[in-house]
There are 4 protein chains.
Amino acid sequence: MASSRTRRIFQAAIDVFSEYGFEKATMDEIAARAGVAKGTVYYHFKSKEDLFVFLVEEGTKLLHEQVLARIPADAKAEQRLRVVIRELLAFFRANRDFCIIILREAWGEEGRQREFRRMLVHFVHAIREIIDAGVASGELMVEAPDTVSWSIFGAVSNTALHYLFMDKEYDLLSLSPQLERSLIHGFVSPAL
Amino acid sequence: MASSRTRRIFQAAIDVFSEYGFEKATMDEIAARAGVAKGTVYYHFKSKEDLFVFLVEEGTKLLHEQVLARIPADAKAEQRLRVVIRELLAFFRANRDFCIIILREAWGEEGRQREFRRMLVHFVHAIREIIDAGVASGELMVEAPDTVSWSIFGAVSNTALHYLFMDKEYDLLSLSPQLERSLIHGFVSPAL
Amino acid sequence: MASSRTRRIFQAAIDVFSEYGFEKATMDEIAARAGVAKGTVYYHFKSKEDLFVFLVEEGTKLLHEQVLARIPADAKAEQRLRVVIRELLAFFRANRDFCIIILREAWGEEGRQREFRRMLVHFVHAIREIIDAGVASGELMVEAPDTVSWSIFGAVSNTALHYLFMDKEYDLLSLSPQLERSLIHGFVSPAL
Amino acid sequence: MASSRTRRIFQAAIDVFSEYGFEKATMDEIAARAGVAKGTVYYHFKSKEDLFVFLVEEGTKLLHEQVLARIPADAKAEQRLRVVIRELLAFFRANRDFCIIILREAWGEEGRQREFRRMLVHFVHAIREIIDAGVASGELMVEAPDTVSWSIFGAVSNTALHYLFMDKEYDLLSLSPQLERSLIHGFVSPAL
DNA sequence: CATGAATGAGGCTTCATTCAT
DNA sequence: CATGAATGAAGCCTCATTCAT
């Protein structure tokens, strides 16, 4: 990702993939939005698939930097989970197009789709470790940590996706308190 | 959906769409799996898009019959939410391919994608009504019923999807107790 | 052309052919407009081409009855030419769709196109005979009777076509005096 | 129409269209005759229709250059009409295929057909202006200049078409004196 | 490094025709 | 006689990829 030419093409690709999906996106459109000739795209990326693979790698890196790396190592489990939820929403807001791509292209048996799932699995695994630690310390009570980890991820990502498609500019961060509360504490009235 | 021929083609379409996604699925493959000539597919459905539209309609009907219609009208909110979760999982198990299609093709701006979202919105709205009733009766305590409804749906569907892609035959119903518990009551140890 | 069924289909064919042209017309549309099943069309006419051949035959007959047969055998050449022009315009008015088909499909090397040209040649030959007779009697002075015959036919038919496409209901007969005069006498001011 | 490749394809298109007509012509055949791959045709012209539109534009230009621009501005009306007839025949001879296409595809309601008619209307209008001028100067005596203009055009074009289909190599220019004379002066014997 | 013309495999769709009922 | 479901050849068009400049 050295040259700025490469980056311009890459950004155009994210743009186009998120708008059309992998199959319907065309290399012509990507080249046009990047403002380069089609041959140039092929000079920097060997194929359409390759462009997509790059996306996964880049995304994994970003997810690390912008979400996982920000989880406080020494806080309590609940607090760490709250941070995950909040930062994941922030990540969605900051990388809208990219997130749409991932969540749309993760379910299937094509090579790139497995790649995307691997990335999600990796992320969910991080959630799981927080939960495991919380359980070990007696702070949390979770029978099926794997299921719970996926359901947290699913709840946050699907909800975010829904609001983004309702309104491109929706401030996802405002959902954070509600999601944190309902996911961690549930919503049955304590009184009952 | 009268003739059995029509149904055969429709089933083949679900099959192929779930395996390849809308864009990559080919009418040739659908015809081959249905065991008819390509022209026959077009005799029964006027286009690829049309086949997809049928899918939405059929799916909406199934979702109604197999999930929404089974929610007990007079039970308590918590109980009704548990049923929704359980039946949704059962629905995923019974209509694996169809569900994969929906969740994959729901996010985008194409006509069929909006159609799918409309269907999801409809379903989530049903969850929301249960929550509203529970809040009205004091049984539940929910600040943001919309967000919570989407997060329930997202949690269940994403988790189901994940397990299905890990193992086609995974018994999704076994996830039900865990999801019911963690979603409704949260998972912070009561002790703390 | 016995049964009324056959006639209904034939009329529908003229309708559709004149609207779409031979190639773009479909047997489905013809069947639909005739109010019969597609198989029925094939029961009465062996193929699309066959339907077209019928058209030529039928048209030739009509042209005979409605134009050629009305030329007074014993009148002077000029008078007979005037009748030809007038009756040809009347024929266009009465068989609008059919005439459009003929003039559109006459120029090409396909079998049916040669057939149509044969029909035109036959008609133009009738004009030529009038001219020849007029020349023989000293009434007319024509160096190239063949060329003149075609140019009369071309002038009348093209002009008619133009007005019909400007206005479906245009009264073609009103063109008759003008065409008769200008074709037979020319239009250079006699004074000069 | 810059590159020679583009021109080769265009020529092949005229060739094929004139031989088969718009509907029956295939892009495969055009590509084959141009000696390029099918994709190449689409690289230069975005659709079959587009190729046809080009034809109209190109043809309109040629008609201007080769016919209309050659009409002497200061000659007498009769002389100018003679030139129109002569140059139109020359145009038919020089652009045989193109002319066949135009006259065959001008009558119908499709977009391209209206386009072709527009072109003819433009041309006939030029004839009409000559006639109008001749009438104004007292040189001609024409009651219905519009009808006469169309009939001149129809006479020349239909006659030319007929001879071309009889003999591809027929020397159309030899028809000019006959057509000029019979159209302008009529053919009733002056003696009578 | 960059270009963009050229390619051809492959996809969607149409439609004349057949044939079992 | 009549039907309409079924067929498959054939047409239009797209687009990832290559390559000579």
Side-chain angles (χ1 to χ4, degrees), chain A residues 3 5-6 9 20 22-32 34-51, chain B residues 2-6 8-9 20 22-31 34-51, chain C residues 3 5-6 9 20 22-32 34-51, chain D residues 2-6 8-9 20 22-31 34-51:
Chain A
S3 91
R5 207 56 166 272
T6 305
I9 294 169
Y20 297 103
F22 179 75
E23 296 294 349
K24 223 180 171 209
T26 69
M27 296 299 265
D28 271 292
E29 180 77 14
I30 292 171
V36 300
K38 199 173 7 170
T40 308
V41 176
Y42 278 88
Y43 184 83
H44 291 270
F45 299 90
K46 137 171 143 288
S47 69
K48 193 181 177 186
E49 187 77 28
D50 193 47
L51 213 35
Chain B
S3 96
S4 83
R5 206 60 164 268
T6 305
R8 269 241 307 292
I9 294 169
Y20 296 103
F22 179 76
E23 297 293 349
K24 214 170 180 220
T26 71
M27 295 300 265
D28 269 295
E29 180 77 14
I30 292 172
V36 300
K38 206 183 342 181
T40 307
V41 175
Y42 280 92
Y43 185 80
H44 292 271
F45 299 89
K46 79 173 189 298
S47 69
K48 194 180 177 186
E49 187 77 28
D50 192 48
L51 212 34
Chain C
S3 91
R5 206 57 165 273
T6 305
I9 294 170
Y20 297 103
F22 179 75
E23 297 293 348
K24 225 180 170 208
T26 70
M27 296 301 265
D28 271 291
E29 180 77 14
I30 291 172
V36 301
K38 198 169 13 167
T40 308
V41 176
Y42 278 89
Y43 183 80
H44 291 269
F45 298 88
K46 131 172 149 291
S47 69
K48 194 181 176 184
E49 187 76 29
D50 193 46
L51 213 34
Chain D
S3 96
S4 83
R5 208 59 164 268
T6 305
R8 269 241 307 290
I9 294 169
Y20 298 103
F22 180 76
E23 297 293 349
K24 211 166 184 224
T26 72
M27 296 300 264
D28 269 294
E29 179 76 13
I30 291 172
V36 300
K38 206 185 341 184
T40 307
V41 176
Y42 281 92
Y43 184 78
H44 292 271
F45 299 89
K46 77 176 193 298
S47 69
K48 193 181 178 184
E49 186 78 27
D50 193 46
L51 213 34

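Here the structure is a predicted model, which means the values were calculated and not measured. Reminder, nothing fancy here: chain letters follow the sequence lines and each chain counts from 1. Computed from heavy atoms alone, side chains included, the values below leave out hydrogens, waters and symmetry copies.
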On DNA chain E, more 5' by nearest nucleotide between D/Gly35 and B/Gly39 is D/Gly35
Quick one: closest heavy-atom pair of C/Asp50 and C/Phe45, and the distance?
OD2-CA, 3.7 Å
Nearest-Å distance for atom pair CG/P, residues B/Leu51 and E/dC12
11 Å
With a 4.5 Å heavy-atom cut-off, do C/Glu29 and C/Tyr20 have their side chains touching?
yes
Which nucleotide, F/dC13, F/dT17, F/dA6, lies nearest any side-chain atom of B/His44?
F/dA6
So the stems of DNA chain F, runs of at least three Watson-Crick or G-U pairs (under 3.5 Å), are E:2-21 with F:2-21
With A/Lys38 via side-chain hydrogen bond (donor to acceptor under 3.5 Å, both in side chains) - residues at least two apart
A/Asp28
Tell me which of D/Ala37 and C/Lys48 sits closer to the 5' end of DNA chain E, going by the nucleotide each one is nearest to.
D/Ala37
base_contact_polar (F/dT3 base, C/Lys38 side chain, donor-acceptor, <3.5 Å)
no
Set of salt bridge (Lys or Arg N to Asp or Glu O under 4.0 Å) partners for D/Glu23, sequence neighbours left out:
D/Arg112
Distance in angstrom units between C/Phe45 CZ and E/dA16 C1', rounded
16 Å
Residue set satisfying side-chain hydrogen bond (donor to acceptor under 3.5 Å, both in side chains) with D/Lys24, at least two apart, ordered chain then number -> C/Glu110
Would you say B/Lys48 and B/Leu51 make side-chain contact, with heavy atoms under 4.5 Å?
no
Can you tell me how far C1' of E/dT18 sits from NZ of C/Lys46, to the nearest Å?
15 Å
Closest non-hydrogen atom pair, C/Ile9 against C/Ala34
CA-CB, 3.8 Å
Just the rounded figure in Å: distance from P of F/dT21 to OH of A/Tyr43.
19 Å
Check this one for me: any side-chain N or O of D/Tyr42 less than 4.0 Å away from OP1 or OP2 of F/dC13?
yes
Near DNA chain E, under 4.0 Å by heavy atom, which residues of residues 23-31 of chain A?
none
List the residues meeting ring-ring contact (aromatic ring centres under 6.0 Å, His included) with D/Phe22, not counting sequence neighbours, and say none if there are none.
D/Phe17, D/Phe52
Does a nitrogen or oxygen in the side chain of D/Arg5 sit under 4.0 Å from OP1 or OP2 of E/dT7?
yes
d(CZ, D/Arg8; C1', E/dA6) in whole Å:
12 Å
